[in-house]
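In each ligand, atom 1 is the first atom listed, and ligand 1 is the first ligand listed. Please read these numbers as outputs of a predicted model, since none were measured by experiment.
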Amino acid sequence: MAKLEILEFPDPRLRLNAQTVEVFDAALKRLADDMLETMYAAPGIGLAATQVNEQKRLLVTDVSEGRDAPLVLVNPELLETSGTEMCQEGCLSFPGVYADVERKEWVRVKAQDVTGKSFELETGGLLAVCIQHEMDHLVGKVFVDYLSPLKRSLLLRKLEKQRRHAG
Ligand code: GNR
Ligand code: NI
């Protein structure tokens with residue numbers, strides 16, 4: 001396994017649209033494993049292939065307390081949603097900044113596993129939020145896109161400030 005580099009805003013590659021995965025081979029399995037390792041090390045609760053410069057419809061997540069329930073979704077599709085809720089979100093591509101985003105409360109998702117087998121998942125809470133956040137990455141969308149221009153510019157200034165202090 002290997003830890004991958006996570007692209008950070010405003011890297012233009014975060015805006016690319018991922019392609020449907022058609023080949024379920026050892027390289028795909030390895031990418032999923034590397035993404036899980038990268039997510040756990042960050043640490044984060046989700047990671048989209050877009051964030052590691054792979055334009056594939058693939059995301060990984062683990063919202064469990066024990067960090068022992070990895071989930072890999074290939075070619076995810078939202079089949080049904082209900083309700084809305086506000087959630088404070090962060091993103092590994094925007095280190096150190098957080099903002100409230102409105103998401104669907106409950107989702108039914110269809111996806112394939114790393115071997116190509118189809119499955120469905122119904123979930124709410126943090127996992128539902130995380131899946132929506134990751135699926136946005138796969139179409140080049142990031143959480144700050146939901147903010148008003150004022151909130152977004154405040155958040156991006158904060159991001160710059162954090163970077164100056166970190167660097
Ligand atoms: O680690 C992460 N935490 C998080 C918290 C609230 C809502 C979404 C997320 S996803 C984020 C990891 C990440 O950037 N995934 O793309
Ligand atoms: Ni993110």
Do Thr81 side-chain atoms and Trp106 backbone N/O form a donor-acceptor pair below 3.5 Å?
no
Of Ile45, Asp62, Ile131, the residue with the heavy atom nearest atom 4 (C) of ligand 1 is Ile45
The option among His137, Gln51, Glu89 carrying the non-hydrogen atom nearest to atom 6 (C) of ligand 1 is Glu89
The one among Cys130, Ser93, Gly44, Gly90 that brings a heavy atom closest to atom 11 (C) of ligand 1
Gly90
Which residues pass the salt bridge (charged side-chain N to carboxylate O under 4.0 Å, His left out) test with Glu160, not counting sequence neighbours?
Arg163
Does any donor atom in the side chain of Asp100 or Gln88 lie under 3.5 Å from an acceptor atom in the other side chain?
no
Closest non-hydrogen protein atom to atom 15 (N) of ligand 1, residue and atom name please, with distance?
Glu134 OE2, 2.7 Å
Residues two or more places apart in sequence or in another chain: which of them pass side chain to side chain donor-acceptor pair (under 3.5 Å) with Glu89?
Arg103, His133
Between Ser93 and Gln51: side-chain donor-acceptor atoms closer than 3.5 Å
yes
Per-atom filter on ligand 1: closer than 4.0 angstrom to a heavy atom of Cys91 are 14 (O)
Spell out, as yes or no, whether a donor-acceptor pair under 3.5 Å connects the side chain of Gln162 to the backbone of Gly96.
yes
Does Gly46 have a non-hydrogen atom less than 4.0 Å from ligand 1?
yes
Arg30 meets the salt bridge (charged side-chain N to carboxylate O under 4.0 Å, His left out) criterion, sequence neighbours left out, with Asp34
How about the Ni ion (ligand 2), which protein N, O or S atoms come within less than 2.8 Å?
Cys91 SG, His133 NE2, His137 NE2
Partner of Asn53 by side-chain contact (heavy atoms from CB on, under 4.5 Å), out of Asp11, Leu14, Leu7
Leu7
Tell me the protein heavy atom at minimum distance from atom 14 (O) of ligand 1, and give that distance in Å.
Leu92 N, 2.8 Å
Using 4.0 Å as the upper bound for N to carboxylate O, is an ion pair formed by Lys29 and Asp25?
no
Val60 backbone acceptor or donor facing Glu134 side chain under 3.5 Å
no
Does ligand 1 have an atom that lies less than 4.0 angstrom from a heavy atom of Gln88?
yes
Heavy atom of the protein closest to atom 8 (C) of ligand 1 (residue, atom name, distance)
His133 ND1, 3.7 Å
